[in-house]
Q: 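Provided herewith is a single structure, encoded as structure tokens, for subsequent inquiry.
Excluded from the calculations below are hydrogen atoms, water molecules and symmetry mates; all remaining heavy atoms, backbone and side chain alike, are included.
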Amino acid sequence: MKVYFVTHSTSKDNEVGLASGWKDIQLSQLGIQQARELGDRFENIDVDLICCSDLVRAVETVRIAFGKRIRVSIDKRLREINYGDFNGKPAEIVSPMNNKWIKEPFPNGESYEQAIARIHDFCRELKTNHVENVILIVGHRATKFGLDTLAGNKTLEECLSTPHKWQPYWEYEL
């Protein structure tokens with residue numbers, strides 16, 4: 001199964017350097033423009049199904065980019081990691097601590113292993129039900145980590161130590 005992955009467009013929290021986690025936050029004006037560009041980018045790519053996180057920033061990205069032209073499945077398992085007490089805190093505080101929370105959950109949140117396990121669960125179900133389809137997943141960095149560890153042969157430690165570099169989309173074979 002072919003999977004394209006894109007991160008949600010820029011949110012208001014992204015612009016001010018906050019680690020949103022499970023905090024629901026809307027797209028910024030830049031994010032709205034990026035979502036329009038995403039729709040244009042996929043104009044000539046045949047996609048059978050779009051799957052996205054249920055957080056507002058991902059749902060808005062899909063709605064603006066694609067409207068109702070492609071079937072959409074919204075799934076909570078594609079969410080960003082739950083930073084618990086650190087949801088919505090400055091990224092400069094949260095990011096340096098990420099390796100501490102690989103196995104141990106963030107206070108009142110989840111560990112990276114727990115987040116990746118739910119994303120892997122989603123992908124296994126997706127593969128069972130849509131083996132011949134082309135899927136676009138719109139999610140978060142944790143969603144990408146799930147795909148990278150499942151299909152990209154990366155460890156979670158490698159994912160966390162690699163600086164995020166934006167690109168228009170990533171491709172995976174599941």
Side-chain angles (χ1 to χ4, degrees), residues 3-43 45 47 49-70 72-101 105-112 114-116 118-119 122-123 135-149 156 159-172:
V3 172
Y4 292 98
F5 171 76
V6 298
T7 56
H8 64 80
S9 298
T10 301
S11 73
K12 292 178 180 181
D13 276 2
N14 292 141
E15 288 192 338
V16 295
L18 298 179
S20 300
W22 280 20
K23 178 182 166 197
D24 240 350
I25 193 75
Q26 295 179 318
L27 297 180
S28 67
Q29 287 299 339
L30 173 61
I32 291 168
Q33 180 58 39
Q34 290 168 334
R36 289 184 186 119
E37 292 167 3
L38 172 64
D40 294 343
R41 197 173 302 119
F42 275 84
E43 186 72 33
I45 298 175
V47 172
L49 175 67
I50 298 172
C51 299
C52 76
S53 158
D54 67 335
L55 294 172
V56 168
R57 55 197 184 267
V59 174
E60 281 186 344
T61 298
V62 171
R63 182 185 53 78
I64 293 166
F66 301 101
K68 295 183 179 187
R69 68 180 189 195
I70 302 173
V72 177
S73 174
I74 298 171
D75 198 297
K76 184 177 183 175
R77 292 174 291 178
L78 294 173
R79 282 183 173 200
E80 179 61 283
I81 187 168
N82 182 356
Y83 296 122
D85 293 346
F86 291 96
N87 285 328
K89 300 294 184 201
E92 65 187 21
I93 292 171
V94 178
S95 294
M97 300 186 309
N98 283 341
N99 286 329
K100 178 180 179 182
W101 310 111
F106 279 88
N108 297 308
E110 67 183 337
S111 70
Y112 274 98
Q114 290 169 319
I116 299 312
R118 68 174 153 75
I119 295 161
F122 172 84
C123 290
I135 310 294
L136 171 62
I137 296 177
V138 179
H140 312 269
R141 287 191 67 195
T143 317
K144 183 176 183 315
F145 293 167
L147 291 165
D148 283 345
T149 55
L156 194 44
C159 292
L160 287 167
S161 67
T162 303
H164 178 67
K165 183 180 176 195
W166 183 87
Q167 62 185 58
Y169 56 83
W170 289 262
E171 294 182 43
Y172 299 90

Q: Can you name the closest pair of heavy atoms from N82 and N108 and give their distance?
A: ND2-O, 4.1 Å
Q: Can you tell me how far apart CD1 (I119) and NZ (K144) are? Round to the nearest 0.5 Å.
A: 12.0 Å
Q: Charged N to carboxylate O below 4.0 Å: is that the case for R69 and E43?
A: yes
Q: Could you tell me which non-hydrogen atom of R79 sits nearest to which non-hydrogen atom of D54, and how far apart they are?
A: NE-OD1, 2.6 Å
Q: Between F42 and Y169, is the ring centroid distance below 6.0 Å?
A: yes
Q: Within this structure, what is the CD1-OG1 distance for the pair I137 and T7, rounded to the nearest 0.5 Å?
A: 13.0 Å
Q: Got a sec: does the CD of Q29 have more than 12 other heavy atoms crowding it under 6.0 Å?
A: no
Q: Minimum heavy-atom separation for C52 and V62, please, with both atom names.
A: CB-CG2, 3.8 Å
Q: Check whether any side-chain N or O of Q114 sits under 3.5 Å from a backbone N or O of S111 as a donor-acceptor pair, and report yes or no.
A: yes
Q: Using atom types as modelled and distance alone, determine if a side-chain donor or acceptor of D24 lies under 3.5 Å from a backbone N or O of V56.
A: yes
Q: Would you name the heavy atoms of P96 and I93 that are closest together and state the gap between them?
A: CD-O, 3.5 Å
Q: State whether the side chain of W22 and the backbone N or O of E80 hold a donor-acceptor pair below 3.5 Å, judged by distance alone.
A: yes
Q: Contact between L27 and I64 at the side-chain level, heavy atoms closer than 4.5 Å - yes or no?
A: yes
Q: Find the distance between NE2 (H164) and SG (C159) and round it off to the nearest 0.5 Å.
A: 12.0 Å
Q: Is the side chain of Q34 donor-acceptor paired with the backbone N or O of T10 at a distance under 3.5 Å, no angle test?
A: yes
Q: Measuring from atom CZ of F5 to atom CG of L78, what distance do you get when rounded to the nearest 0.5 angstrom?
A: 8.5 Å
Q: Ignoring hydrogens and geometry beyond distance, is a side-chain donor-acceptor pair present between Y172 and D148 at under 3.5 Å?
A: yes
Q: Which residue is it: N87, N14, D13? I am looking for the one with a side-chain hydrogen bond (donor to acceptor under 3.5 Å, both in side chains) to S20.
A: D13
Q: A side-chain contact here means heavy atoms from C-beta on lying under 4.5 Å apart; do K23 and L18 qualify?
A: yes
Q: Is there side-chain contact between K76 and R118, with heavy atoms separated by less than 4.5 Å?
A: no
Q: What do the steps show when you test I135 against V47 for side-chain contact (heavy atoms from CB on, under 4.5 Å), and what is the final call?
A: CA-CA 6 Å; I135 310 294; V47 172; 6.0 Å; no
Q: Between OG of S28 and NZ of K12, what distance do you get to the nearest 0.5 Å?
A: 8.5 Å
Q: Counting N and O atoms only, with roles assigned by atom type, does the side chain of E171 sit under 3.5 Å from a partner on the main chain of Y4, one being a donor and the other an acceptor?
A: no
Q: Flag the pair I70 / L49 as yes when at least one side-chain heavy-atom distance between them is below 4.5 Å, and no otherwise.
A: no
Q: Consider only side-chain N and O atoms of S53 and H140, and report whether a donor and an acceptor are under 3.5 Å apart.
A: yes
Q: Would you say L55 and H8 make side-chain contact, with heavy atoms under 4.5 Å?
A: no
Q: Check step by step if side-chain contact (heavy atoms from CB on, under 4.5 Å) holds for V72 and F66.
A: CA-CA 9 Å; V72 177; F66 301 101; 5.8 Å; no
Q: Rounded to the nearest 0.5 Å, how far apart are SG of C51 and CG of D75?
A: 7.5 Å
Q: Could you tell me if the side chain of F106 sits less than 4.5 Å from the side chain of N98, heavy atoms only?
A: yes
Q: Would a 4.5 Å heavy-atom cut-off, applied to side chains only, mark I81 and W101 as touching?
A: no
Q: Taking Q26's backbone N and O only, do any of them form a donor-acceptor pair with S11's side chain (distance below 3.5 Å, no angle check)?
A: no
Q: Does A35 offer a backbone N or O that forms a donor-acceptor pair with the side chain of S9 under 3.5 Å?
A: yes
Q: Any heavy-atom pair between the side chains of P107 and Y83 that's under 4.5 Å?
A: no
Q: Between Q33 and E37, is there a side-chain donor-acceptor contact under 3.5 Å, judged purely by atom types and distance?
A: yes
Q: Looking only at atom types and distance, does a side-chain atom of S95 sit under 3.5 Å from a main-chain N or O of E92, one as donor and one as acceptor?
A: no
Q: Which pair of heavy atoms, one from D85 and one from K89, lies closest together, and at what distance?
A: O-CE, 3.5 Å
Q: Which heavy-atom pair separates S161 from P163 by the least distance, and what is that distance?
A: O-CD, 3.5 Å
